[in-house]
Asks: 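Following this message is one structure expressed as structure tokens.
To find a chain, count down the sequence lines: A is the first, B the second, and so on, and within it residues start at 1. Values reported hereafter were calculated over all heavy atoms of this structure, with side chains retained and with hydrogens, waters and symmetry mates removed.
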Protein chains: 2
Amino acid sequence: MHQSGKTSFQDVRDEVIHRIQSGIWPQGTLLPTEVELAEEFGCARATVNRALRELAENGVVDRKRKSGTRVNTAPVKQAKIEIAIVRHSVEEQNAIYRYALVHKEITAIPPWLAAQLDLPITHKVMYLKCMHYADNRPYQFEERWVNIDAVPTILDADLVETGPNEWLLSVVPFTDAQINFCAVGADADLSEFLSTPTGTPVFQLERTTWLQNKPVTFVRMTYHPGYRMSTSY
Amino acid sequence: MHQSGKTSFQDVRDEVIHRIQSGIWPQGTLLPTEVELAEEFGCARATVNRALRELAENGVVDRKRKSGTRVNTAPVKQAKIEIAIVRHSVEEQNAIYRYALVHKEITAIPPWLAAQLDLPITHKVMYLKCMHYADNRPYQFEERWVNIDAVPTILDADLVETGPNEWLLSVVPFTDAQINFCAVGADADLSEFLSTPTGTPVFQLERTTWLQNKPVTFVRMTYHPGYRMSTSY
DNA sequence: ATCGCGCATATACCCAGACATAATATCAAT
DNA sequence: ATTGATATTATGTCTGGGTATATGCGCGAT
């Protein structure tokens, strides 16, 4: 009750969570109907609905019309990973951020990427290599292919001052993305730019983004050895 | 309008998304007030509220009392990673799942873990090593420390048939978790169990879970070489 | 110029009632 | 026994009214 004596949807939500966690309502339990809960808590059905809906969104309960609301047996826990702009991650650690454009060329799309993005192999792309430093130590190596068709203005963009990631984000609001994480051994390029011996295990993140079914860019970001990505829930 | 001629909160939400994506409301735009939008769409204010609230939850817009609703400049895109039970991930690939308990012992907590979990170094834990196979090929090596205090019943659990992860999930509903991803080179154990040369880059996921501030378990899961974790949004 | 206070305002949330929809249960006809 | 129509029921959503709360802004005192 954070308002004048009324039961808030948060109170309902918290009480339900409590009953589940304390074992009053074990896994699989069918909970009372919205009407019954509303009566018990002395609030409107809409309030209970809001609380239970939120719990359903978080995967705590499962709701079905007519069947009712049930405590989830296998809570599909999902961790949220925030894909931040590199500069922000670096600055968050109170380190000094530095960016460098290493390579820039207009070229034909590599066959493997053409296949992946479903583009003809004659398609032109902008191929970029960049480095991101934290306190002048290698932080991330970025390799990127940009679909010029989808973002023609990139031809005039100055990518020396601002990184392509920040530039793209401010210009093309993408709608869908697909992300891969994996571990690889450093190849020649990586070894050179990340100042590490060839074969060193490094953390790699690949992302493909689309703007309404039109591929925009594919980027491969490789972090310095020892990098840990973390999240909590 | 999916009901009899009424404007649903989804219609409002979709239209707002459309206006943002088509550039009618560029980044940073202050959108009309809820009342104004409700008038425009011919629906109740609560309906507009629901739509905008959902967009705010997804990070598309930013809402502040008195200021209004603004199109987010730096959309903090967050990818959701589903932390599924290993068996399910394997079965999803139509592979045959097999599990093996490799090692099980009650021991004093290792100092580094005691520090990490804020437990006394005299604390007893159960230390487990397990292997998960897909079609009889190594899939994941699991190394786990369980706080016996938090889960005393684990002493009687048969962990030979069911893996500790599934057992724990069905018994202790944890409340908080912290996850780390990183890339490491295979050490002796990993090399042996994952059938790969020492030093091979492998993808590792560490997770600590708590039940109301009480540490439950720390697990380190290492995937076979070449494993890719993927997600989309 | 700067600080503190009050007012206006936009969002946050609540309520009671209504209808829509999906899924189950029931029962009759084949 | 199987199928198909029908009633029931719990959730999903909308309405239009309300109060609560945070906060930007102006105004006056320092």
Asks: Can you tell me if A:Thr69 touches the phosphate of D:dT11, counting only side-chain N or O atoms and a distance under 4.0 Å to OP1 or OP2?
Replies: yes
Asks: With respect to A:Gln140, which candidate in A:Tyr227, A:Tyr99, A:Tyr223 satisfies the side chain to side chain donor-acceptor pair (under 3.5 Å) definition?
Replies: A:Tyr223
Asks: Rounding to an integer number of Å, can you tell me how far B:Leu30 CG sits from C:dT11 P?
Replies: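 Nearest whole value for this atom pair: 8 Å.
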Asks: Using a cut-off of less than 4.0 Å, is there contact between a side-chain N or O of A:Arg53 and OP1 or OP2 of D:dT11?
Replies: no
Asks: Using only side-chain N and O atoms of B:Gln10, determine if any of them is under 4.0 Å from OP1 or OP2 of D:dT13.
Replies: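 B:Gln10 to D:dT13 OP1/OP2: side-chain N or O found under 4.0 Å.
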Asks: Ignoring backbone atoms, test whether A:Arg45 places a side-chain nitrogen or oxygen under 4.0 Å from the OP1 or OP2 oxygen of C:dA16.
Replies: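 Indeed not, no polar side-chain atom of A:Arg45 lies that close.
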Asks: On a plain distance test, is the side chain of B:Arg65 in donor-acceptor contact with the base of D:dT21 below 3.5 Å?
Replies: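 Flag set: donor-acceptor pair detected.
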Asks: With side chains defined as the heavy atoms from C-beta onward, is the minimum distance between A:Asp11 and A:Phe41 less than 4.5 Å?
Replies: no
Asks: Check the distance between D:dA7's P and A:Lys66's NZ and give it to me in whole angstrom.
Replies: 14 Å
Asks: Please check if the number of heavy atoms outside A:Ile96 that lie under 6.0 Å from its CD1 is greater than 12.
Replies: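 Not buried by this count: 12 neighbours or fewer within 6.0 Å.
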Asks: When you check the phosphate oxygens OP1 and OP2 of C:dA10, does a side-chain N or O of B:Ser67 lie under 4.0 Å from one of them?
Replies: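 Checking B:Ser67 against C:dA10: no side-chain N or O falls below 4.0 Å of OP1 or OP2.
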Asks: Would you indicate, yes or no, if D:dT13 has its OP1 or OP2 atom less than 4.0 angstrom from a side-chain nitrogen or oxygen of A:Asn49?
Replies: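 It does not, given that no N or O in the side chain of A:Asn49 lies less than 4.0 Å from OP1 or OP2 of D:dT13.
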